[in-house]
There are 2 protein chains.
Amino acid sequence: MRRDIFQAIADPTRRAIVMLLAVHAMTPNAMAEHFDTSRQAVSKHIHILLECDLLDQEQQGREIRYHLRADKMKQIEQWLEQFKALMAARFTQLDEVLAQLKSRTNTQTPTNPTTLTTITKARKT
Amino acid sequence: MRRDIFQAIADPTRRAIVMLLAVHAMTPNAMAEHFDTSRQAVSKHIHILLECDLLDQEQQGREIRYHLRADKMKQIEQWLEQFKALMAARFTQLDEVLAQLKSRTNTQTPTNPTTLTTITKARKT
DNA sequence: CACTTGCGCAATTGATCGGTTGCGCTTATA
DNA sequence: TATAAGCGCAACCGATCAATTGCGCAAGTG
């Protein structure tokens, strides 16, 4: 069950839930009222968000209030930062890497590209 | 075919492709060499990224160089900004909305919540 | 002109997704 | 105590996904 935050926010309903919980904690029923889906459907989305550690439970009698762990959202930001760094480096520092990769289009020289591979989290050999 | 950028970057391979193309344009084969998947698999991911207008084609003889449309990445940033705005407003300006939502837990008053609903892009009635 | 290379397209398959339905447990309420 | 409300769990279903395989076409190369 390889579930990351990017998969979590891939679904529009889940993004909406995140937004709702950004305002304040909520019960599943309260969330469900905001959409035209069933409570169970919402509950499933909650489960997925829980798997990503994006939510916290708070039992209150027979109700459960779900809190958003806003700090986890930083994962997205971090990825975006990495991306921006690559874009910025594109014309400056990483000219070498660029050159290497350019000449590499048909050859196999996993020297500097390895760095990039690490960044991109590719599962290369 | 409801395909948005969030779905595009939900897949780790596609995120890696985005990172690769952030450095410079590439042919499908060049990309495929970075992963341990087939060219066709990569090609499919490219297709998905194309659907999201995240890529540009540049035919060069029998090769096709794919360029990243970096500007499209702003969509993610924008969503994150919206999220952050909600988080920031949580304790300040949107106290009213918060109150409304609170009292609304069981009733149906689509007045102010509509604003939020719009933000969260929920498909409510 | 044969042959290889780079690529897209189509069909197939197993896995996962998003949703519904039905059930049962626990906690409130009349 | 009987009833209702809030919720999770499990089974099921149609749709989509990711990847493979096989094919055909256009562009280079001997």
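This structure is a prediction, so every number in the text was calculated from the model and none was measured. Letters go in sequence order (proteins before strands), and every chain restarts at 1.
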With sequence neighbours excluded, tell me which residues meet side chain to side chain contact (heavy atoms under 4.5 Å, CB included) with A:Glu63.
A:Thr27
Degree of bending, the helix from C:dC1-D:dG30 to C:dA30-D:dT1 (end axes from five pairs; round to 10°):
10°
Short side-chain to backbone donor-acceptor contact, B:Arg14 and B:Ile9, under 3.5 Å:
no
When you get a sec, tell me which of D:dA19, C:dC7, D:dC7 is the closest nucleotide to the side chain of B:Thr27?
C:dC7
Which ones in residues 54-64 of chain A lie close to DNA chain D, meaning a heavy atom under 4.0 Å from one of its atoms?
A:Arg62, A:Glu63, A:Ile64
Does B:Ser38 put a side-chain nitrogen or oxygen below 4.0 Å from OP1 or OP2 of D:dA19?
no
side-chain hydrogen bond (donor to acceptor under 3.5 Å, both in side chains) partners of A:Gln59, counting only residues at least two apart
none
Does B:Ile48 belong to the same Ile/Leu/Val/Met/Phe/Trp/Tyr cluster as B:Leu54, with side-chain heavy atoms less than 4.5 Å apart forming each link?
no
Just distance, no hydrogens or angles: give the donor-acceptor pairs under 3.5 Å from side chains in residues 71-78 of chain B, sequence neighbours left out.
unit_1: B:Glu77; atom_1: OE2; unit_2: A:Lys84; atom_2: NZ; d: 2.3

Using atom names, set out every protein N or O paired with an N or O of nucleotides 9-12 of chain D below 3.5 Å, distance rounded to 0.1 Å.
none

Check the phosphate of C:dC7 against B:Asn29, side-chain N and O only, distance under 4.0 Å to OP1 or OP2. Yes or no?
yes
What residues, two or more places apart in sequence or in another chain, satisfy side chain to side chain contact (heavy atoms under 4.5 Å, CB included) together with A:Leu55?
A:Leu21, A:Ile46, A:Leu49, A:Leu50, A:Tyr66, A:Leu68
For A:Arg39, the side-chain hydrogen bond (donor to acceptor under 3.5 Å, both in side chains) test, sequence neighbours excluded, returns none
What pairs with A:Ala25 under side chain to side chain contact (heavy atoms under 4.5 Å, CB included), at least two apart in sequence or on another chain?
A:Arg65, A:His67
Using the side-chain heavy atoms of A:Gln7, tell me which of these nucleotides is nearest: C:dG19, C:dC17, D:dA18.
C:dC17
A:Ile46 has an atom CD1; how far is it from atom P of D:dC7, in whole Å?
8 Å
Check ion pair B:Asp11-B:Lys44 (N to O, under 4.0 angstrom):
no
Is any side-chain N or O of B:Thr37 closer than 4.0 Å to OP1 or OP2 of D:dA19?
no
